[in-house]
Amino acid sequence: KVLHQADTRYGDERVRDFLDLVGDDVPVIVVSDHGEAFGEHDNIFLHGDHMYDEVLKVPLIVRWPEGAHPNTVDERPVGLADVGATLLDWAGLETGALDGVPLPQPGDGEAPRRQYFEHIYKGFDRVGVLEAPHKLIRTLPTLGVDLRARKGTPGDELFLSLIHISEP
C-alpha cells in the first residue's frame, strides 16, 4: 500500500507539472482506467478479478473550458465512455455512435445516468449495473478456461446504498 501511495503522489506531481506546462486556458481531463484493492472483500488485492468500488471508482479531474467550475467536486457517477464524448463535444464535433455522453456540468441538477460495467479478463466473467445508489453484479456462466473459475461460481451481489446482499 505504501508503494501505491508513493506512486500516486508521483502521478499527482506529474499531472501538476503538465497543467503548469499547458497553462490555465487549456481544458484538460485526467482519468484513471481502474482503481486498486488493498485487502478489502476477503483479502482481495490489486485489480482484475472483481468489480467492487475500490476498483470501479477512479480519479477524474476535469479542467473545464474557459475556467468554468474551478475547485468544484461533483460526486455523481459517470462512465469512462463519457470522457471521449466530452472531448468531442468540447471540439465541437458530434459524439455520434459513442456509448458515452458529454460529462454533466457541475451544478446542472441532472440525475446520474445508469452505468454499465463488465469484467471479462481473468477469473469469473461478470457484468454489472450502477443506478446510484444501488449496484448489481452478476456472475456469468464460464467455460472454466481460467483455473480460478473452476473453484465454484460466486453468486450475484446486490448493493443497496450501504447494505450489501450476497447471494450464493
Side-chain angles (χ1 to χ4, degrees), residues 1-12 14-15 28-62 73-89 94-106 108-168:
K1 191 169 186 176
V2 172
L3 288 175
H4 180 70
Q5 290 170 337
D7 189 43
T8 300
R9 273 193 305 277
Y10 178 81
D12 288 346
R14 298 299 70 80
V15 169
V28 175
I29 296 179
V30 178
V31 65
S32 177
D33 60 340
H34 58 76
E36 296 292 350
F38 294 102
E40 305 87 352
H41 304 282
D42 295 326
N43 220 17
I44 295 173
F45 285 87
L46 304 176
H47 67 276
D49 59 0
H50 65 284
M51 299 170 75
Y52 296 119
D53 282 356
E54 56 270 12
V55 171
L56 293 177
K57 290 185 175 182
V58 299
L60 173 64
I61 301 167
V62 179
V73 175
D74 190 334
E75 296 288 338
R76 293 178 292 180
V78 297
L80 292 179
D82 299 338
V83 172
T86 301
L87 294 171
L88 289 173
D89 184 60
E94 292 293 322
T95 57
L98 292 180
D99 289 334
V101 298
L103 293 169
Q105 297 267 338
D108 71 1
E110 182 179 312
R113 288 188 320 120
R114 180 180 294 159
Q115 299 294 325
Y116 300 95
F117 44 93
E118 64 187 20
H119 169 271
I120 301 173
Y121 174 53
K122 58 184 177 181
F124 295 97
D125 294 342
R126 294 183 173 114
V127 294
V129 61
L130 170 69
E131 189 160 0
H134 312 302
K135 178 172 67 174
L136 173 65
I137 301 172
R138 306 246 22 205
T139 302
L140 302 175
T142 181
L143 298 175
V145 175
D146 189 318
L147 294 178
R148 289 168 286 227
R150 293 183 185 175
K151 296 179 184 175
T153 303
D156 298 339
E157 295 178 280
L158 175 63
F159 297 83
L160 304 170
S161 286
L162 300 176
I163 301 168
H164 173 222
I165 299 171
S166 182
E167 174 185 287

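Given the structure is predicted, the values throughout are model-derived calculations rather than measurements. Residue numbers run from 1 in the order of the sequence given.
Residues meeting the salt bridge (Lys or Arg N to Asp or Glu O under 4.0 Å) test with R114, sequence neighbours left out: E131. Partners of L60 according to the side chain to side chain contact (heavy atoms under 4.5 Å, CB included) rule, which considers only residues two or more places apart in sequence or in another chain, are I29, V31, V62, V78, V83, L103.
Under the 3.5 Å distance criterion, the side-chain polar atoms of Q115 are matched with a main-chain donor or acceptor of G79. D82 places no side-chain N or O within donor-acceptor distance of the main-chain N or O of P102, the cut-off being under 3.5 Å.
Note that CD of E157 is 7.0 Å distant from OG1 of T139, once rounded to the nearest 0.5 Å. The distance from atom CG of D53 to atom CG of L130, rounded to the nearest 0.5 Å, is 8.0 Å. Q5 CD to T8 OG1: the interatomic distance, rounded to the nearest 0.5 Å, is 7.5 Å.
For the pair I137/D156, no side-chain contact is recorded, criterion being any heavy-atom separation below 4.5 Å from C-beta on.
More than 12 heavy atoms of other residues, nucleotides or ligands sit less than 6.0 Å from atom CG of D12.
Across all non-hydrogen atoms, the minimal contact from R113 to G100 is NH2-CA, 4.3 Å. Contact record, L56 with F117: CD1-CE1, 3.7 Å, taken as the closest heavy-atom pair.
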